[in-house]
Protein chains: 2
Amino acid sequence: MKENITIKQIAQESNVSMATVSRYLNGTVTVSDEKRQQIEAVIAKYNFTPNTNARSLSLGRTMTLGIVIPDISNPYFYSLFLEIQKEATLNGYTILLYNTSFQQNRKEPEEEEYFQKLIQYRVDGVLVLGGQIDLASPSPSYLQALNRLGDSLPVVVMGHPIPESPCHFLDPENGSGVTTLFHYLYSLGHRNIAFIGGNAGVRITETRLAAYKKLLDLHRLDSQPDLVVLTDYYSQDGYQAALSLMEKSCPFTAVIAANDNVAIGAIRAFGDKGFSVPYDISIASCDHFSAGEYSIPRVTGIARDTYLLGRLLIDTLLQNIRGTSEDISIDFSSSLWEGESCRTLGK
Amino acid sequence: MKENITIKQIAQESNVSMATVSRYLNGTVTVSDEKRQQIEAVIAKYNFTPNTNARSLSLGRTMTLGIVIPDISNPYFYSLFLEIQKEATLNGYTILLYNTSFQQNRKEPEEEEYFQKLIQYRVDGVLVLGGQIDLASPSPSYLQALNRLGDSLPVVVMGHPIPESPCHFLDPENGSGVTTLFHYLYSLGHRNIAFIGGNAGVRITETRLAAYKKLLDLHRLDSQPDLVVLTDYYSQDGYQAALSLMEKSCPFTAVIAANDNVAIGAIRAFGDKGFSVPYDISIASCDHFSAGEYSIPRVTGIARDTYLLGRLLIDTLLQNIRGTSEDISIDFSSSLWEGESCRTLGK
DNA sequence: CATATTTATGAAAGCGCTTTCATAAAGGTG
DNA sequence: CACCTTTATGAAAGCGCTTTCATAAATATG
C-alpha cells in the first residue's frame, strides 16, 4: 500500500510553494510554464491525488449531495435516481446514496440515522425520496430528524408537505393516474372495479384511494369495502391481495393495482384459481414500468414521466443550494400504456 | 440555515477545553460529571454534530467504504448490496455507493472516474462488483485505473482475477449453474438445448458458454452455433434472442436463459409466435429471483446464495483493511428452484 | 525613463477535529 | 505522612488543503 503523499511533498520536490501547487491543481491562477512542468512531473511520479476531506474542510463545501431513497431496486425510484445522478454529476457534485430499505413495520429508525450522517458529512444538499414521509402520520422522531436536517442544509423532499418544515416539498402524486385508469375501465363497460393498492397508512395510497372513491361517487356506483385490499408493492403482495379479493363474495370484473409487480402477482393468483386475465378479469396498473411489458398478458398501466420528475427534483435542489430558491410547479405528463390486461366487458 | 457550530464554540460556552469536548464525544476517556453535563447542555442547545471531514482528516481514516456496482436495480446486485450494507454498518462503516450503469458499448469511462474519486475521498476500502472487469478483455485504461486503486487502498473485486494486480479477487461464477440446468433438462429428455446468455465478450457469459459446450460434448451432442444467442440481461433481450432463435431453422426443445428477465422475455416472444412454454418449449434460468416466481409460467432456475456471497465479499474486505488478509474459499450453495417452465419431453 | 498596473509566487493563517505532552488533583500504599 | 499511581484536564501541534496578504518581477502607460 502506498503511503499518502501530500501537496506539501509535491511542493518541496518541485521547488515551489504549496500555494502554487494548489493553484495549479485548481487552475485558479496561471502558473508559469517552467513550474507547471516540474509540478506535473512530480505529480505523475507519485500518482498524487488531493485529499477531498482536507479540501472540503478548507472550502467549507463538500460538493456532495445526499440522497435518501427507500428502495433503489424499485424501478420507479431507480429511474429517478439515474436522472438525478446524471444531472448532479454534470454540475460537479458527487452523490452519497442511502438506500433505507424502508419498510413500514421496521423498528430501526434507519432514515433518521442517515439524516444525521448527512449532516455530519456536511453534504451541500439532500434529496429525500419517499420513505417514512409517505406515511399518513410519520413518527414524531422522524419529523424532528427531518426538520433538523432541513435546518442544517437545503433539503428537497418528494412527498406530501409538512407544515412549518424548513424543507422544500414536491408532491407528484395527485391521484390523476387512478382517475385515468378508472375512466378507461369504465369506458370498457366495467362497473365493479376493485382496488389493490400499496400499504394502508401510506400517503400515496390514501391519495389514490380517495380518487378511487370519488370516482365511484361521481359515477353513482356503490363503494364496496370488500373491493379494496391494501398491501405492499411487490408481486407477492399482489398475489395475496388477489386471493383475498376472491375469498370475499363481492363480484368484480376489473382491478386497479398499485404497480406492475402487484398486477403481475394478481394475474398469477387469478390464474391459479382458474380465472383468466383479461377474459374473466381486467387489470390495470397505477405505475407502469418495463416488467409489465413482458408479462403474460402485458399489463396496461400509467407510465409516469420519471425523467422529468427526477430532473425537477435535482434542479430544485441545486437552485436551493445556490440560494435562488424559486417555487416551480409542473404538470407531470403521464400516459396510458396499453397492454392486453384489460378488455371490453361482455364481449 | 443554521451556521455551522464547532467544537471550539461548544468548549468555550461550557467552560472546558476543546480536548475535553472531543474526549466526551468519542468516549475515549471519562469526563467528570460536572463538565459532562455542561457539555451535553450546550451540545443540545445548538444541536451540534461534529464535522466528519475534519475528523477523518485528523484521524487519517474515514470509516467509509466505497462500492462500485454496474446496475443496482439488478436483483442479483441489489441483494448483494443489502447484505454488504448491513454488515458494513454493523462494523461502523458508511457506504459510498457508485452505480455505474455500466453498459458495454458506452464510451464514458465512468468506472475509472469513480475509482479516482474513491481515492480522493480516501475511503478505507473498496468493493468492485462486476462491471468492466467482467469483459473478456477490459480496456488497458480500466486495468490501469483498477490497479492504481488497488495500490492506494484495500480492494476486493468480484470477478475474474487479473494477474499481477494488487487487488483481491473473488470469482463466484464457475458454470456449475449451467451444469445443473443442463443435467436437469437432459434428464427430462431434452437433447436440443439452446443457450441465450448475457453479452458476448463478458466473462461470466464465456464461462457459462464453455460449460454449456463441454456438456454437449460430454453427452455426445452436436454443438449447433445457431442455438447460441448472446444479448444482454433484460427482458427485451430475451425477447429478441428468442425471436432470432426461431428465425433460424435449427430445431430445439429447451432453452437455458441468462436470468429470469431474459427467460420472461423469451416466453413472451415464443407466445407471440404461437409457441407455448412449457408445452412446446422448456426454458430455465441461470439466475433465479423473485420475478420468475410470478410469471406465467413460473420460471425454473438456479437460485444463487447472494446472502452468503455478499457476506463473504464484505468480510474479505474488512479483513483486508485490518491487515489480517487471509484467502478464503467457499463453495457457493446454489439450488434449483422449480417453476413450471420445463416439462418432460414428448409426454 | 519613472510610475502605475498586472502577474506570479511564497509565507502563514485557518478550516474543525484528535491526540500528545504536561500538569494538577485525587487516590492508594506501606 | 511521604511517595507513587491513577485520573481529569488544558495547551498546542498537526492532519492536508485553500486563500489572504505581502512581495517581487514583469509589463504597460504617459
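Within every chain, numbering begins at 1; the chains are lettered A, B, ... in the order of the sequence lines, protein sequences first and strands thereafter.
- Rounded to 10°, the helix from C:dC1-D:dG30 to C:dG30-D:dC1 has 30° between the axis fitted to its first five pairs and the one fitted to its last five.
- Residue pairs that meet the salt bridge (Lys or Arg N to Asp or Glu O under 4.0 Å) test with at least one member in residues 24-33 of chain A, sequence neighbours left out, are A:D33-A:R36.
- Residue pairs meeting the salt bridge (Lys or Arg N to Asp or Glu O under 4.0 Å) criterion with at least one member in residues 4-32 of chain B, sequence neighbours excluded: B:E13-B:K45.
- The closest side-chain heavy-atom distance from B:Q132 to B:T100 is not below 4.5 Å.
- Pairs engaging residues 117-131 of chain A under the salt bridge (Lys or Arg N to Asp or Glu O under 4.0 Å) rule: none recorded [sequence neighbours left out].
- Qualifying side chain to side chain contact (heavy atoms under 4.5 Å, CB included) partners for A:N15, counting only residues two or more places apart in sequence or in other chains: none.
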**Q.** Letter per nucleotide, 5' to 3', of nucleotides 12-18 of chain C [B base touched, S only sugar-phosphate touched, - untouched; heavy atoms, 4.0 Å]
**A.** --BBBBB

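- In this structure B:Q116 satisfies the side chain to side chain contact (heavy atoms under 4.5 Å, CB included) test together with A:T49, B:Q120, sequence neighbours excluded.
- Residue-level contact check: B:N15 touches the backbone only, with heavy atoms under 4.0 Å from sugar-phosphate atoms and none from bases.
- Note: CG (A:D33) to C1' (D:dA26) measures 15 Å, nearest angstrom.
- Between A:T20 and C:dT9, a side-chain N or O to OP1/OP2 separation shorter than 4.0 Å is absent.
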Enumerate all atom pairs, one protein N or O and one N or O from nucleotides 22-26 of chain C, separated by less than 3.5 Å.
none

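- Distance A:E34 CD to C:dT7 C1': 15 Å, rounded to the nearest Å.
- A:R55 pairs by the side chain to side chain contact (heavy atoms under 4.5 Å, CB included) definition with A:N26, A:L59, not counting sequence neighbours.
- Counting to the nearest Å, the P atom of C:dT7 and the NZ atom of A:K35 are 18 Å from each other.
- Within the nucleic acid shown, B:S56 has no heavy atom closer than 4.0 Å to any nucleic acid atom.
- Applying the ring-ring contact (aromatic ring centres under 6.0 Å, His included) rule to B:Y98 yields the partners B:Y114; only residues at least two apart in sequence or on another chain are considered.
- Screening residues 131-145 of chain B for salt bridge (Lys or Arg N to Asp or Glu O under 4.0 Å) gives no qualifying pairs among residues at least two apart or on separate chains.
- Judged as a ring pair (Phe, Tyr, Trp, His ring centres under 6.0 Å), the pairs with a partner in residues 116-152 of chain A (not counting sequence neighbours) are, in order, A:F115-A:Y142.
- A donor-acceptor pair under 3.5 Å is absent between the side-chain atoms of B:Q38 and the main chain of B:V16, judged by distance alone.
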